[in-house]
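Read the structure below first, then the notes.
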Amino acid sequence: MRLNSTRGAAESCAFLEAATGRAPRDGGLWLPAALPRFADVDALLALAFPERAEAILNRLLGDELAPAEVAGLVARAFTFPLRTVAIDGRVSAVELFHGPTRAFKDFGARFLAALLELIAAREGGGPARTVLAATSGDTGAAVADALRDRAGVRAAILYPRGRISPEQERQIAAPAGNLLALAVDGSFDDCQRLVRGALAEPGADARLIPANSINVARLLAQCLYYFEAVAALPTDARARAVIAVPSGNFGNLCAGMLARELGLPVRAFVAATNANDAVPEHLEGGQYRPRPAVATLSSAMDVGAPSNWERILALHGGELSRVRAGLRWARASDGDTGSAMRALLRGGYLCDPHGAVAWHGLIRRLRPGERGLFLATAHPSKLRGTVRALTGADPGPPPLPAGKPCATPLSPRPEALAEVLRAFAAG
Ligand SMILES: *Cc1c(COP(=O)(O)O)cnc(C)c1O
């Protein structure tokens with residue numbers, strides 16, 4: 001699969017190069033140069049998840065990966081189910097949180113880990129690559145779990161100190177020989193800026209790999225669950241599907257839009273944000289104004305400068321009117337989020353704050369006759385304390401790795417990051 005930069009086709013590369021860290025020199029992000037539009041979507045939707053995932057990935061990556069390699073990736077990455085739960089007659093939750101770290105980030109992280117293993121095996125040795133991740137909580141946990149103690153790959157994970165849950169910190173910073181947890185004195189946006197800077201630096205270590213949704217491998221893995229979500233609908237409801245996506249960095253929504261480009265029937269997406277609403281403001285005709293993130297109950301969506309917005313614009317030829325044509329949006333305050341969680345619980349469904357933001361947006365934007373799906377991106381146990389305080393219900397503890405968290409403090413300066421990475425690579 002060929003990819004072009006969002007800032008122009010002068011920069012282009014192959015999928016595996018992009019997945020292993022090559023970045024466009026013009027500061028943009030990779031996006032498929034051309035996407036096929038599948039003529040046999042109904043037949044694809046009739047397949048089970050693994051067979052459908054193989055079929056789609058073979059079509060997209062067949063020029064770079066053999067069918068047996070694709071089959072191996074799917075088998076190693078997607079080892080957990082997706083469940084659709086009916087909330088009422090017209091709305092269902094799509095639970096993407098049944099992976100090892102209980103958030104949807106497991107899909108992308110496990111696919112990336114399986115891909116890196118495959119590449120290391122093809123290369124037959126050499127110095128280990130380092131996956132570099134900035135996290136608002138869940139990405140880091142998923143990357144740490146997917147890569148923990150794997151041979152030939154390491155990961156350095158940056159998170160904003162004091163702004164993730166204790167459970168997330170334990171998942172990220174549980175000791176492992178090939179993982180380095182960095183507690184940054186700053187926000188998620190600071191972490192993301194540091195990671196982008198380290199990757200883009202002239203002469204940057206070619207063995208550094210981004211694990212954020214700026215990595216196109218993650219987006220591809222995420223496309224696959226949109227197909228599964230629509231496949232779970234009755235055939236006659238598919239053309240009326242509206243999917244609400246709780247959005248922070250907008251990688252998840254971008255993946256859904258890629259799936260729609262591939263031919264998946266989705267009438268509209270709902271971009272559901274918390275108070276970090278740079279994108280809704282832009283969609284409403286305001287300037288696009290990235291800004292510092294504010295802290296909310298749906299902390300994994302506290303992103304003030306969402307990096308995938310550039311991709312979504314580029315995917316629509318840079319025209320906001322084309323983005324708007326298939327997109328609705330809504331924001332939820334913390335008050336709205338708590339009310340949504342309590343309303344869902346009265347109907348018998350315990351939902352985490354991220355999923356609740358999506359449900360809140362969905363029911364406000366769903367029109368008569370449409371079928372609504374909202375993505376439940378984290379298991380309620382991931383933010384157990386918050387869920388308990390807001391609803392009175394206890395989702396129980398999340399599964400956590402053994403060992404006391406052990407993180408290295410980091411000041412939000414590029415030189416500081418460069419220094420710890422040098423020491424990590426040497427150690
Ligand atoms: C990362 C995350 C989001 C936001 O996804 P983006 O792709 O960054 O928009 C939503 N919910 C949860 C639980 C997350 O971890």
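These values consider heavy atoms only, across backbone and side chains, with no hydrogens, waters or symmetry-generated copies. The structure displayed is predicted, hence computed values, not measured ones. Start at 1 and go down the list; that is how both ligands and their atoms are numbered.
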Starting from [atom], find the nearest protein heavy-atom neighbour and note its residue, name and distance.
{"atom": "atom 2 (C) of ligand 1", "result": "Lys105 NZ, 2.5 Å"}
{"atom": "atom 7 (O) of ligand 1", "result": "Asn252 N, 2.8 Å"}
{"atom": "atom 8 (O) of ligand 1", "result": "Asn249 N, 2.8 Å"}

Test item: [X] side-chain N/O and [Y] main-chain N/O as donor-acceptor pair under 3.5 Å:
{"X": "Asn276", "Y": "Val294", "value": "yes"}
{"X": "Arg218", "Y": "Ala211", "value": "yes"}
{"X": "Arg328", "Y": "Arg365", "value": "yes"}

Judging by distance only, is a nitrogen or oxygen of [X] under 3.5 angstrom from one on ligand 1?
{"X": "Thr377", "answer": "yes"}
{"X": "Ser247", "answer": "no"}
{"X": "Ala300", "answer": "no"}
{"X": "His354", "answer": "no"}
{"X": "Gly248", "answer": "yes"}
{"X": "Ala378", "answer": "no"}

Decide, yes or no, whether a salt bridge links [X] with [Y] under the criterion of side-chain N to carboxylate O below 4.0 Å.
{"X": "Glu167", "Y": "Arg102", "value": "no"}
{"X": "Arg22", "Y": "Glu17", "value": "yes"}
{"X": "Arg110", "Y": "Glu117", "value": "no"}

| Are Phe80 and Phe107 close enough, and set up right, to give a ring-ring contact (aromatic ring centres under 6.0 Å, His included), and what steps lead you there? | CA-CA 9 Å; Phe80 52 91; Phe107 281 95; 4.8 Å; yes
| Closest to atom 5 (O) of ligand 1 (judged by heavy-atom distance), picking from Phe250, Phe188, Phe104 | Phe104
| query | Which is it for Lys382 and ligand 1 at heavy atoms under 4.0 Å: side chain, backbone, both or neither? | reply | neither
| request: Take Thr337 and Asp334, measure what side-chain hydrogen bond (donor to acceptor under 3.5 Å, both in side chains) needs, and give me the verdict at the end. | output: CA-CA 5 Å; Thr337 304; Asp334 277 354; 4.7 Å; no
Element-labelled atoms of ligand 1 that are located less than 4.0 Å from some non-hydrogen atom of [X]:
{"X": "Pro246", "result": "4 (C), 5 (O), 10 (C)"}
{"X": "Gly251", "result": "6 (P), 7 (O), 9 (O)"}
{"X": "Asp138", "result": "12 (C), 13 (C), 14 (C), 15 (O)"}

| said: Could you check whether Arg260 makes a cation-pi contact with Tyr226, meaning its NZ or CZ is under 6.0 Å from the centre of the six-membered ring and within 45° of the ring axis? | reply: no
